[in-house]
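From a predicted model like this one, the values you see are computed outputs, not experimental measurements. Counting starts at 1 for both ligands and their atoms, in listed order.
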Amino acid sequence: LGYNYKWLRHLSIPTDAVCDADTIFALSSGHGRCGVAVVRVSGPASSMVLRNMTGLTQTLPPPRTALLRRITDPHTKELLDRGLVLWFPGPHSFTGEDSAEFHVHGGPAVITAVLQGLGSLKGVRPAEAGEFTRRAFHAGKLGLTEVEGLGDLIHAETEAQRRQALRQMDGELGHLYQDWSSRLKRCLAHVEAFIDFSEDELIEDGVLNQVDSSVHRLQTEIERHLGDERRGERLRNGVQVVIAGATNAGKSSLLNTLCQRPAAIVSPIPGTTRDVVEASLDIGGFPVLLSDTAGLRDGLDSVEREGVRRARQRVEQADLTLVVVDSTQLPTEPKQAPTFLQGYLSIVLPQPSGGNPEEGREATSDRVLLVLNKSDLVPEAQKERTERELRESLGLPPACFLSCHTTTGLGDFLAVLQSRVKTLCGNPLSGAPSLTQARHRAHLQQSVQALSQYHQYRNHDLALAAEGVRLALTHIGRITGRVGAEEILDIVFRDFCIGK
Ligand SMILES: Nc1nc2c(ncn2[C@@H]2O[C@H](COP(=O)(O)OP(=O)(O)OP(=O)(O)O)[C@@H](O)[C@H]2O)c(=O)[nH]1
Ligand SMILES: [K+]
Ligand SMILES: [Mg+2]
């Protein structure tokens, strides 16, 4: 276990999980027909596996160097394929153990034959989901946030997601949490020293004041990290964009235009859409989960009413709502357009309950985009004057004229949409690394809460105050995996596939 032993003591992991002597193997490249498939092997028997499968009886290949070999069945010696083999002696491997790789032709029969050959060797078994990464974690090659970053990198579908995941895998988020953790440890050590030695006057009085300000600074930093309006989580999970509006405004047409396929049924019959229809989009490198919803009206039948209920629910949860308006319904006198649209918005969006109306208006502007659809049916002059009126009227969210039929105005609309989505996700490369997971958020919130326990008891019960710091430390430790419960590890590794 080498140098990792020190912090492994803090992990309540059954020792058999750490010292698993099995050698594992799995197909690490994607499933299905492909040019090259990579089969990975890790564990103490890796060198034996390599010898038996490649006929390299005397010497092993030089470390980390590809060698073209005949790959054979270990028992019958039948030729299975010719491919590249690589040898990674531990600890300089992904898992920290002796490992090997076979790069073979990606046909299903070749892969099956190689996997069967490996499985027939003694002490060698198929890997479980995430087991390679789990071994890397136990060997101290990766922290838990790095493991999660790796998982996100494997699942990243857009450019911005890839950047954020890579940053996390590189350890930036882990370092931030590690830094908080070591500062908390120092605070705890000082409080405990004060408890133990202050009566003998072996410790100066200023120590506690220092701890006070350190704890205070930490609280502020963690709270700032928490106050990111979920940008990192949004980038990781996708921005929730909901299309809403009256029946027949062209909501489903907009969904289909944006995802460039007939995902939702379009028809001139009002009340066509009932179920929420979803599509994933990549908007300028940012992930968007777009939902089309039922047109809002007092439903005629119970099914439509349920559709409207679901639509309203989606709007409430949305990061951004595209409110679609049929432009032919706009007043022909452009001066009246702002008032008309204010009224339209108040029907589509849930009414803000109390609070400052100015604030409510600002929040609406941020979370809404008006799409004035069917612009092909509106005279050019009326459009221009309406646009001018809308620009000059305060308090309305930005509005774009668009025709789903001719796609006129689509470019401008996409530019506005992209800049909104970008703001909602933040730049994954600038500033401090983002909070990316609800799991981290929960522990950080509990950590901040525990720190307020410190302040609460600081003047009358130092033992309880110290307990607050200890608790805060435990929660940060749960994020990085340094202080771990097996369930947390299970949750993290479960998200990996076999071969990772
Ligand atoms: N001229 C014109 N017609 C459009 C445009 N967009 C949609 N339509 C038509 O408007 C009608 C309603 O379109 P849908 O996309 O089904 O409208 P919806 O808002 O999803 O309707 P519901 O699901 O019933 O609420 C269809 O006949 C579309 O062809 C447009 O840009 N121009
Ligand atoms: K319709
Ligand atoms: Mg529809």
(request) Please report the C-alpha distance between Leu184 and Leu451 in whole Å, then the side-chain angles of each, then the deciding distance to 0.1 Å, and finally whether the side chain to side chain contact (heavy atoms under 4.5 Å, CB included) criterion is met. (result) CA-CA 10 Å; Leu184 281 170; Leu451 287 180; 3.7 Å; yes
(message) Testing the basics here: between Gly43 and Glu97, what is the closest heavy-atom pair and its distance to 0.1 Å?
(response) N-OE1, 3.4 Å
(request) Compare Gly409, Ser253, Ala244 and give the one whose heavy atom is closest to atom 14 (P) of ligand 1. (result) Ser253
(message) As a check for students: among Asn373, Asp292, Ile243, identify the option with a heavy atom nearest to atom 6 (N) of ligand 1.
(response)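 Of the listed residues, Asn373 has the closest heavy atom.
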[X] and ligand 1 - part of the residue with a heavy-atom distance under 4.0 Å:
X: Ser267; answer: backbone
X: Asp376; answer: side chain
X: Pro270; answer: backbone
X: Val324; answer: neither
X: Leu377; answer: side chain

(message) With 2.8 Å as the threshold, which protein atoms of type N, O or S lie near the Mg ion (ligand 3)? Leave waters out.
(response) Ser252 OG, Thr273 OG1
(message) Over 60° means perpendicular and under 30° means parallel, so tell me whether His440 and Tyr177 are parallel, tilted or perpendicular.
(response) perpendicular
(message) Geometry only, no angles: is Thr293 polar-contacting ligand 1 at N/O separations under 3.5 Å?
(response) no
(message) Return all protein N, O or S atoms below 3.4 Å from the K ion (ligand 2), chain by chain in residue order.
(response)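 Counting only protein N, O or S atoms under 3.4 Å from the K ion (ligand 2), the list reads Asn248 OD1, Ser267 O, Ile269 O, Thr272 OG1.
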(request) Report yes or no: do Thr293 and Arg314 form a side-chain donor-acceptor pair below 3.5 Å? (result) no
(request) Would you tell me whether Ser252 and Asp292 have side-chain atoms, one donor and one acceptor, within less than 3.5 Å of each other? (result) yes
(message) Please confirm whether Ile269 approaches ligand 1 to less than 4.0 Å, judged on its heavy atoms.
(response) yes
